[in-house]
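In what follows, chains carry the letters A, B, and so on, assigned in the order in which the sequence lines appear, proteins first and then strands, with residues in each chain numbered from 1.
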Amino acid sequence: MTTSVSPPDTVPKERTAGHRMPFWVNQRLGLLVLVIALSVLFGVVRPAFLDQRLVLFPLLRDVATLTVVALAQMAALSVGHMNLAVGRMAAFGAMFAGIGYDKLHLPMQAGLLLCLAAGAAIGAVTGWLIARTGVSSFVVTLATDFALLGLVSLMYSALTEDAAFTTRPAGVDALRSYSLADICAGPVCGSPAVPQLAQFTVLAMLGLGFLYGGTRVGRELLLTGANPAAAELSGIPTGRRVLLAHTLSGLLAALAGFMAAAGTGTFRASIGDDFMLPSFLGAVLGGTLLTGGVVSVLGTLLGTALVGVIRKGLDLLGVGLESLNIYLGCILLLALSADRIRTVVSYRKVVRST
Amino acid sequence: MSAVLLECHDLVKVFPGVRALDGVGLRLTAGSVHALLGENGAGKSTLIKVLTGVHSPDGGTLTWCGEPVRLRSPLEAARTGIGVVHQERNLIPGFSVAENITLQKPPARRGLVDHAAMTEPAVACLTELGVDLDPARPVRELSVAQQQLVEIAKALHTESRVLLLDEPTASLSPEETDRLFGVVRRLAGRGACVVFVSHKLEEVFALCDTVTVLRDGRSVLASAPLAGHSHDDIVSLMVGRAHTAAGMRPRTVDRSAKPVLELDGVATAGGHRDISLAVRPGEIVGLYGLVGAGRSELVKAVLGLDRVTAGEVRVHGSPARIRSPRQALHEFGIGYVTENRKEEGVFLEQPIVRNITVTVWRRLARALGFVPAGEERAVAQDLVDRLGIRITGLGQHAGELSGGNQQKVSLAKWLAADTRLLVIDEPTVGVDVRTKRAFHELIWDLAHDGLPILLISSDLAEMVTLADRIVVMTGHRVRGEVDNDRDYDRMSGRIIRLIHDRDEVRS
Amino acid sequence: MSTMLDQQGRAAAVLRRFSRTTTAMLLLVVVAGAVALEVASSGSFFEGSSVRVFLQYLATPILIGLAQMVALCVGQLNLAVGALGGFTACLTGVLMADHGVPAVVAVGAGLVTATAVGLVTGLAIVATRINGFIVTLATMTILLGAQYRLVGTRTVDGYSATLRDLGSAAPLDIPLVFVTAIGAAVLLGAVMYRTVAGRRLLAAGGNPLAARLSGISTDRQIVAAHTLSGLLVGVAAVTATASLPGVNRSVGGDWLLPSFAAPIIGGVALTGGSIAVFGTVLAAFVTRLIDAARAQFSLDPSWVNLLIGLVVLGTVAGGHLHQTRLARTTAPSPQPGGAR
Amino acid sequence: YRNAPAPATGQAPTAGRAGAGADLADGSKTKVALVPGGAHPYFQPWKTAGAAAKKAYGLGDVTFDETAEWDQQKQNNLLSTLAARGYNAFGVFGVSPTDINTTFGDLTSQGFPVASLGSCPAGNTDEADFCLSTDVELAAYKAAKAAIEAMGGKGTLVHLTGNNVDANTQLRIKGVARAVKESGGKVRLLQTVTDIDTDLQTAQKAVSDLMAAKGGQITGIVATAYNPAVAAADAVRSSGSKAKVVAIDDDAKILSGIRQGTVTATVVQNPAGQAEIGVWALALLQTKQCAMRDPGVKVDSGSFVVTKANVTGYDQARQAKTRQLKTEFADKYLACG
Ligand SMILES: Nc1ncnc2c1ncn2[C@@H]1O[C@H](COP(=O)(O)OP(=O)(O)OP(=O)(O)O)[C@@H](O)[C@H]1O
Ligand SMILES: Nc1ncnc2c1ncn2[C@@H]1O[C@H](COP(=O)(O)OP(=O)(O)OP(=O)(O)O)[C@@H](O)[C@H]1O
Ligand SMILES: [Mg+2]
Ligand SMILES: [Mg+2]
């Protein structure tokens with residue numbers, strides 16, 4: 001391809017140079033500021049908020065789990081789909097871990113692998129159906145949700161006495177209650193606020209960050225979400241990308257199921273019951289588009305953290321159930337409106353400086 | 001001197017990182033046809049959007065019949081008497097043709113829509129344009145060109161005193177264009193002012209009386225009579241320097257070479273019958289036909305998007321079953337530049353760098369599929385420079401580009417792909433004169449270097465400039481083939497005859 | 001002669017096209033399901049009382065499905081359907097039971113409140129430009145709190161006997177609440193297909209930019225859609241209040257997913273611009289048939305869920321494959337690209 | 001809360017009658033948190049009983065926090081937040097009976113006394129200091145017995161209950177099954193309808209459908225979850241069936257059903273007693289004044305069948321049971337001084 005088109009010299013240099021928007025117009029930054037501001041506010045009003053062991057540790061453990069849930073949703077959203085079965089896929093995965101520990105007496109790592117494999121498999125089946133039939137992901141994952149809801153209950157009823165697998169192999173308890181304070185390099189130990197369970201979240205975030213930010217497949221996932229017709233015509237195997245997105249979603253959901261089970265104690269059917277709304281909330285707050293094509297791994301963490309911090313702060317203030325949800329909704333709206341104003345103002349600034 | 005309808009001074013419109021309008025003046029008088037010219041990204045569409053209340057200006061004044069006005073919304077502009085056809089098609093996909101045409105002012109009684117009363121004005125507008133379309137058909141089923149015509153009919157329906165047409169002819173064939181010109185002249189005769197944006201200067205000179213030329217958001221020629229200017233003057237004004245058309249390197253095609261792509265008696269589920277054609281290395285084969293002739297559909301069927309029901313497709317001599325564009329690209333090296341850039345060509349909400357490099361990630365990828373961002377940007381930047389795409393940064397979203405620049409982006413992706421056969425569908429729709437020239441040189445040089453090219457275009461001049469052979473299609477059938485001798489008049493005569501022979505046969 | 005043939009041909013074509021739609025498939029499922037149940041219950045399924053019970057519980061799914069559909073048609077989601085419904089039902093109940101407000105006034109207040117909440121939600125979305133998903137999620141949270149604050153954990157039941165009688169009244173074994181729901185569906189259909197306001201909603205959903213360029217304010221349509229959605233939720237809440245043994249904080253807790261399921265199974269796209277009133281009603285019928293089957297065959301809910309899931313997955317896949325096969329043999333040029 | 005029994009009466013006097021050394025010396029440093037699984041009418045007496053106990057024993061604080069919302073993770077979080085807020089003794093209804101031991105373990109390992117109130121951990125171990133709860137299986141058994149008795153010892157029974165995959169539900173199913181088995185084949189358990197406690201409408205729909213499909217055969221209904229109980233009374237009446245309904249708990253709605261005769265009987269539990277005794281014992285443990293003789297002991301807080309006959313006076317029986325519990329604790333379970 002040797003062609004000779006003279007570069008047009010009428011394009012002024014300053015027009016093509018440089019970035020479009022300065023860094024501070026970034027939505028993620030707004031979220032980070034919100035999270036920090038609210039933490040400081042709660043910390044001032046209730047100094048106990050900064051109690052590392054009793055407040056920050058459980059808060060972070062919760063955020064760690066829900067972030068993985070939201071990442072699972074994000075994977076589906078990246079191709080413009082939804083996964084309404086996140087919670088049930090989590091239960092499905094956790095069930096396999098439970099079976100692994102209870103019936104097969106596997107060590108912790110092997111059970112975790114089994115759990116992830118089960119999640120990925122069910123995600124793949126869902127994705128395959130969607131890609132093959134072209135039916136809306138909403139309908140298919142809703143049906144998967146029902147199927148799993150039934151299957152998981154049946155399996156627990158058949159295999160267990162109390163509808164839960166109570167065997168816990170060595171290491172699970174450590175995962176639940178150990179923090180970085182239990183990891184020492186000589187005399188220096190980590191912070192007791194950071195749970196070891198968060199290692200999975202960090203791994204998942206790094207993996208997805210690399211996938212979506214650095215690789216061909218990640219880019220193709222996003223373009224599939226942005227415009228499936230154009231993606232297909234650009235030579236992207238959209239069907240396979242849809243399959244992959246749902247497989248990832250299932251895998252992450254199963255990981256979240258494992259984390260939730262390790263965090264509370266046993267592998268039971270009700271794991272993931274309340275995953276659906278937080279999964280969307282975290283991802284969408286973080287800047288992932290419901291219509292596909294745009295994801296944010298870090299934003300997902302921040303979005304989840306924002307909700308976690310507000311809730312924790314209200315708990316610490318001793319707000320009762322009569323007011324808790326009202327405050328929660330209002331603070332969320334106010335915080336986001338404030339951030340919205342920031343975005344508009346900064347946008348205006350950029351326009352003015354042009 | 002007839003009345004001044006709409007006038008603007010010193011209009012300024014700023015987007016982050018770009019001053020799209022930077023002090024534009026314009027005066028529109030009743031009864032005239034006004035040309036608005038400029039290169040891609042000069043600010044024509046932005047000006048039209050400011051004049052119709054889509055964008056609010058950041059500076060400048062606007063007067064309507066001598067009175068200052070502020071147009072805060074498209075509705076206000078329409079009420080004032082300004083009608084518009086935007087550059088991008090903007091129809092409601094699920095609504096019928098008739099309903100789309102009457103969308104602005106649906107016939108209604110007491111809040112109830114009268115579906116029956118829609119048909120008549122819609123049909124009237126369509127017939128004025130000489131289009132025969134079922135008014136009850138949903139527009140999502142129409143081809144690009146048909147949608148464009150509906151869009152124009154919609155503007156006619158509003159009966160405005162100022163009608164702004166932003167590249168209405170971009171995807172029309174000469175027939176439709178002529179009929180549109182008739183309509184425009186009639187409107188001007190009735191005392192309206194029509195603003196006409198086009199990159200086809202022949203059309204501009206055939207139609208317009210006055211002209212405004214924009215360059216980098218400034219008017220370099222404001223509301224002057226067109227008669228005093230020559231073709232080259234105008235181009236020089238647009239480009240900002242003397243414009244010289246360089247000749248193209250002579251190119252010969254080895255007719256004895258084995259065809260890279262061969263269709264032999266192909267029929268498709270879409271209704272094509274008995275299509276045969278061949279493209280050889282280094283050859284540009286044109287596929288010409290009127291709107292709706294089925295050219296785009298044929299190519300899509302060959303690429304596996306529709307079913308080939310009979311006949312044989314051969315690539316490099318061996319029969320090929322292509323099931324998807326992906327397979328076409330990766331197994332057979334066939335690239336397809338689609339005509340429908342907004343829906344199928346570019347990813348509007350994605351950065352330009354991704355839009356361009358989507359076809360080359362496979363090549364750039366390292367271990368674990370890692371694509372180095374630097375290399376990716378280098379590939380994109382190279383093409384941006386080569387095609388002169390006007391952007392504020394590689395991270396800018398493609399949707400924020402001017403129409404012509406979007407077209408360049410959608411072509412750039414296939415130039416990056418290094419294909420062994422390129423199918424190009426309407427490559428220069430909405431591309432400015434200079435860049436069109438550059439495109440032509442580019443395509444020419446690609447062929448010169450041995451790449452076989454199948455070119456679909458409704459622009460006959462383009463066909464005559466580029467193609468070695470022109471295959472003429474109407475009604476999903478090949479009507480004949482002419483060898484191009486690069487003489488426009490002779491060629492157009494022969495082609496038109498081929499097309500009309502079939503009409504006679506049918507009637 | 002030829003015109004008659006022509007007409008027949010056209011009718012056949014219309015019929016053929018209809019047979020390929022989601023609506024036709026749902027209709028088939030409903031009829032087949034009802035017949036199967038009739039056979040299984042050895043003839044008691046079509047008896048008056050069974051029909052009454054069957055229809056009685058269709059009102060809510062139809063109404064909330066329509067409420068969601070209105071939001072979907074402008075490309076919005078309304079996550080607050082259940083919370084708003086529950087709140088409104090509790091408000092109506094509490095007004096009557098604790099404050100002695102007459103039933104008519106309380107019902108009116110309920111409808112107005114629900115509509116007003118919808119309006120405020122719409123305005124908030126437009127004013128803040130925050131994603132409608134997040135805004136309705138926030139309103140959902142707030143309303144859940146408000147509902148709890150209203151009734152706490154008790155069940156409020158000391159309210160108007162007339163309202164209750166109306167709620168369970170079923171002249172000719174057709175419950176009034178069902179008639180209300182069908183009435184709402186018919187009205188909504190008329191509004192969406194026949195009125196300028198309805199067409200505007202659809203236009204704004206189908207292509208917001210194009211609508212804006214044609215002088216339709218998309219902002220206003222978003223507000224209108226949420227308001228209308230709120231009104232429909234209000235109607236659902238009032239019918240629920242009338243037919244429930246009492247209202248408590250659990251009312252509305254199970255509405256969210258069914259509200260999405262009905263329109264989407266009925267053929268409405270999540271991306272906006274399309275509606276399917278009849279499809280939504282039929283989808284509600286289908287889900288109701290499953291309830292009836294569960295009672296008829298004494299099925300364990302786990303098995304029911306499993307079967308529903310598998311059957312839906314199966315039919316969805318099968319139906320689609322069938323459609324594509326049909327399309328391949330007859331229709332031209334399917335659009336390329338992926339599933340949404 | 002309207003119909004909550006008034007547990008405040010007779011608290012201070014009972015304290016006097018307790019065993020030696022079981023009188024709380026100084027509870028001003030003790031801050032007790034009562035944490036139910038979520039919002040539910042069953043727990044409402046805890047609020048008043050807790051407040052009364054605070055006053056009676058002069059405790060630092062007693063709080064009632066129902067923000068756990070039936071989610072074990074939320075409940076765990078809530079408990080640690082409460083600890084951070086300075087609460088140092090916990091009475092908890094575990095959301096998940098199989099998980100709650102882990103939570104209890106966490107709390108006890110930090111030196112907090114913990115009582116499992118209203119529900120015991122599943123399995124045989126109990127990491128809490130003690131469990132004071134209705135014997136769930138026994139309560140369901142009593143309810144089924146009452147229904148069978150109302151049915152005249154024979155007929156067809158239906159059991160309506162909540163979440164199938166929950167250890168307590170499994171116990172309830174077992175209890176009902178035991179009562180049916182004891183009838184020696186004269187009573188048939190037609191169906192156990194699970195998972196209909198999510199909301200009132202679901203429950204009502206399920207019961208109505210059941211009555212429409214099988215109404216003719218059913219002669220008795222035992223509901224061991226709240227929403228199904230409320231729905232059952234109403235649906236039976238409106239379908240014109242003669243089936244007897246036995247419900248659970250003493251929410252106002254159900255008591256009025258008993259008075260009207262739409263509900264034949266209800267099995268009332270003793271949440272007020274759980275809170276009262278729980279708070280008192282927790283305070284003794286927290287001040288280190290006493291220790292558990294046998295940590296993890298399970299104590300039945302009592303359940304009573306209420307019919308139209310005893311609907312006015314059943315609270316006395318409950319208070320008597322509470323008093324008896326107190327002496328039992330002082331004499332048998334606590335080691336003081
Ligand atoms: N929404 C937008 N956001 C940011 N920049 C924009 C936006 N719309 C237009 N621009 C920029 O404004 C400039 C003028 O664009 P405009 O569409 O008016 O060009 P044009 O003269 O119509 O070109 P063409 O002939 O290609 O249609 C371009 O640089 C374009 O990138
Ligand atoms: N998505 C579609 N659904 C239904 N019919 C379509 C669709 N796209 C095109 N058609 C119809 O198919 C016929 C051929 O369209 P095609 O796009 O192949 O024509 P063409 O020769 O490329 O002309 P042009 O692109 O200039 O319209 C037209 O009559 C058009 O109405
Ligand atoms: Mg333009
Ligand atoms: Mg075409």
Side-chain angles (χ1 to χ4, degrees), chain A residues 46-59 61-62 65-66 91 149 152-157 160-166 168 172-173 176-177 259-271 273-274 308 311-325 328, chain D residues 33 36 38-40 43 47 61 63-87 94-107 109-110 112 121-125 127 163-171 173-174 194-195 198:
Chain A
R46 283 278 180 283
F49 187 85
L50 302 177
D51 184 322
Q52 300 204 10
R53 219 165 37 87
L54 286 176
V55 177
L56 294 182
F57 177 81
L59 173 64
R61 198 170 61 182
D62 224 23
T65 310
L66 288 181
L149 178 64
V152 169
S153 309
L154 286 174
M155 300 269 288
Y156 273 104
S157 309
T160 65
E161 179 86 342
D162 295 321
F165 293 109
T166 46
R168 270 174 294 167
V172 170
D173 284 323
R176 186 173 62 80
S177 51
M259 289 169 71
T264 53
T266 58
F267 294 83
R268 64 202 141 84
S270 57
I271 283 195
D273 269 354
D274 291 332
R311 217 195 134 85
K312 195 83 193 177
L314 290 176
D315 267 349
L316 264 176
L317 291 173
V319 174
L321 194 53
E322 316 83 50
S323 319
L324 180 78
N325 283 322
L328 188 65
Chain D
H40 196 280
F43 301 118
K47 212 188 297 185
D61 194 14
T63 189
F64 172 80
D65 195 324
E66 53 191 342
T67 54
E69 298 190 21
W70 301 105
D71 180 297
Q72 189 58 59
Q73 204 156 347
K74 282 212 183 89
Q75 190 176 41
N76 290 351
N77 264 336
L78 174 64
L79 287 169
S80 52
T81 310
L82 286 167
R85 281 168 57 193
Y87 290 92
V95 173
S96 161
T98 50
D99 286 293
I100 197 65
N101 258 338
T102 319
T103 311
F104 290 157
D106 283 351
L107 289 170
S109 71
Q110 293 175 49
F112 299 123
N124 296 322
T125 49
E127 299 268 341
N163 184 7
N164 183 30
V165 273
D166 179 271
N168 284 338
T169 306
Q170 294 298 330
L171 289 177
I173 293 176
K174 256 187 229 161
T194 57
D195 299 310
T198 48

Nearest 0.5 Å, what's the [atom1]-[atom2] distance between [X] and [Y]?
X	Y	atom1	atom2	value
D:Gln170	A:Glu161	CD	CD	8.5 Å
A:Ser270	D:Asn164	OG	CG	12.0 Å
D:Asn76	A:Arg176	CG	CZ	8.0 Å
D:Glu69	A:Leu321	CD	CG	5.5 Å
D:Leu78	A:Lys312	CG	NZ	8.0 Å
D:Asp99	A:Phe267	CG	CZ	10.0 Å

Is [X] close to chain D through its backbone or its side chain, or both, or neither, when contacts mean heavy atoms under 4.5 Å?
X	result
A:Ser177	neither
A:Arg46	neither
A:Asp273	neither
A:Gln52	neither

*Does the salt bridge (Lys or Arg N to Asp or Glu O under 4.0 Å) test come out yes or no for D:Lys74 and A:Asp62, once each step is laid out?*
CA-CA 8 Å; D:Lys74 282 212 183 89; A:Asp62 224 23; over 6 Å; no
_Shorter than 4.5 Å, heavy atoms on both sides: which option in D:Thr67, D:Asp195, D:Val95, D:Leu82 has the most such pairs with chain A?_
D:Thr67
*With respect to chain A, which residue among D:Thr81, D:Thr169, D:Ile100 yields the maximal number of heavy-atom pairs within a distance under 4.5 Å?*
D:Thr81
Where on [X] is there a heavy atom nearer than 4.5 Å to chain A: the side chain, the backbone, both, or neither?
X	answer
D:Gln75	neither
D:Ser96	side chain
D:Asp106	side chain

*Does the side chain of A:Asp274 come within less than 4.5 Å of D:Gln73's, by heavy atoms?*
no
*Determine whether A:Ser157 and D:Val165 make a side-chain contact, defined as any pair of heavy atoms from C-beta on separated by less than 4.5 Å.*
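Result yes, sub-4.5 Å side-chain heavy-atom pair found.
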Selection from [options] maximising heavy-atom pairs under 4.5 Å formed with chain D:
options	result
A:Asp51, A:Asp315, A:Leu314	A:Asp315
A:Asp173, A:Leu59, A:Val319, A:Leu54	A:Leu54
A:Leu316, A:Leu324, A:Thr160, A:Val55	A:Leu316

*Verify the distance criterion only: is there a donor paired with an acceptor across the side chains of A:Thr166 and D:Thr98 at less than 3.5 Å?*
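On atom types as modelled, these side chains do not qualify, holding no pair under 3.5 Å.
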*Could you pull out the closest heavy-atom pair between D:Ala84 and A:Ala48, with the gap in Å?*
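In this case the closest contact between D:Ala84 and A:Ala48 is O-CB, 3.7 Å.
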